[in-house]
Amino acid sequence: GLVTAALWGIWYARRIKLSIWKAMDVLLPGLTLGHAFGRFGCFAAGCCYGRPTDSAFGVRFHSDLVEASLRGIPLHPTQLYEAAALLTLFAGLLWVFRHRKFDGQVGLTYLMAYPIIRSIVEVFRGDLIRGFVVDDVLSTSQFISILVFLAAAIALVVRLKQVQRRSS
């Protein structure tokens with residue numbers, strides 16, 4: 001859904017001659033906040049849960065969305081971990097927005113920060129439905145995160161060069 005929305009957004013921005021860089025800067029902080037609240041919804045539903053844990057943070061889920069063998073035992077509340085990280089990222093994006101040096105800086109910050117957040121949270125995830133590229137080593141989400149991070153890093157280098165050429 002996110003990929004389709006992004007492609008549609010790019011198409012629409014070009015159609016109305018709106019800078020994609022400016023659109024990303026304006027839209028991604030709100031998307032991040034919405035995503036954080038969505039993770040609270042995941043917590044309430046019991047989906048996107050974590051691995052078993054003995055830590056004090058463990059939460060017991062009884063939802064049908066939790067694998068039967070994991071129901072009722074303490075699991076990492078990965079939904080809350082990600083929500084907290086997304087709220088922190090939201091605050092960081094607002095700061096970057098207020099201090100940005102070029103259009104696209106906020107969007108590229110998001111596209112480099114969120115893959116790191118997701119990759120870390122994935123270490124604690126326990127729901128196997130999300131799949132693995134390399135069994136128990138590299139989840140599908142971590143693999144996609146690597147690709148997104150690399151693409152954003154390349155775009156950042158290209159964008160910085162564009163901005164430097166225009167300012168000289």
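The residues of the chain are indexed from 1 along the displayed sequence. All of these numbers come straight from a predicted model, not from anything done at the bench.
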Q.
According to salt bridge (Lys or Arg N to Asp or Glu O under 4.0 Å), who are the partners of Arg39, at least two apart in sequence or on a separate chain?
A. Glu82
Q) Does the side chain of Ile116 reach to within under 4.5 Å of the side chain of Phe149, using non-hydrogen atoms? A) yes
Q: Please round to the nearest 0.5 Å and tell me the distance separating atom CG of Leu87 and atom CG of Leu33.
A: 6.5 Å
Q) Any side-chain heavy atom of Leu75 within less than 4.5 Å of one from Leu70? A) yes
Q.
Has Ser63 got a side-chain atom pairing as donor or acceptor with Ala45's backbone, closer than 3.5 angstrom?
A. yes
Q. In terms of the angle between their ring planes, are Trp8 and Tyr12 parallel, tilted or perpendicular, with boundaries placed at 30° and 60°?
A. parallel
Q) Do the two ring centres, one from Phe61 and one from Phe43, sit under 6.0 Å apart? A) yes
Q | Any donor-acceptor N/O pair, Glu122 side chain to Gln142 backbone, under 3.5 Å | A | no
Q | Sidechain-backbone polar pair: Asp103 side chain, Lys22 backbone, donor-acceptor under 3.5 Å | A | no
Q | Distance in Å, Ser119 OG paired with Leu138 CG, rounded so as to fall on 0.5 Å steps | A | 8.0 Å
Q: Could you tell me whether the side chains of Ser139 and Ser141 share a donor-acceptor contact shorter than 3.5 Å?
A: no
Q: Locate the shortest heavy-atom distance separating Val66 from Gly46; write the atom from each residue and the value.
A: CG2-O, 3.2 Å
Q) Tell me, do Phe124 and Arg51 make a side-chain contact under 4.5 Å, heavy atoms counted? A) no
Q. For the residue pair Tyr114 and His35, does the interplanar ring angle fall in the parallel (under 30°), tilted (30 to 60°) or perpendicular (over 60°) class?
A. tilted
Q: Kindly check if the number of other-residue, nucleotide or ligand heavy atoms within 6.0 Å of CZ (Arg14) is above 12?
A: no
Q: For this output row, return yes or no: ring centroids of His76 and Tyr81 closer than 6.0 angstrom.
A: yes
Q.
Is it true that Arg159 and Gln162 share a donor-acceptor pair across their side chains at a distance under 3.5 Å?
A. yes
(Q) Quick check on side chain to side chain contact (heavy atoms under 4.5 Å, CB included): which of Thr109, Leu111, Ile10 does Met24 satisfy it with? (A) Leu111
Q) What salt bridge (Lys or Arg N to Asp or Glu O under 4.0 Å) pairs are there with at least one residue in residues 68-81, not counting sequence neighbours? A) none
Q) Residues two or more places apart in sequence or in another chain: which of them pass side-chain contact (heavy atoms from CB on, under 4.5 Å) with Val137? A) Val134
(Q) Tell me the closest heavy-atom pair linking Leu93 and Val106, and the distance in Å. (A) CD2-O, 3.6 Å
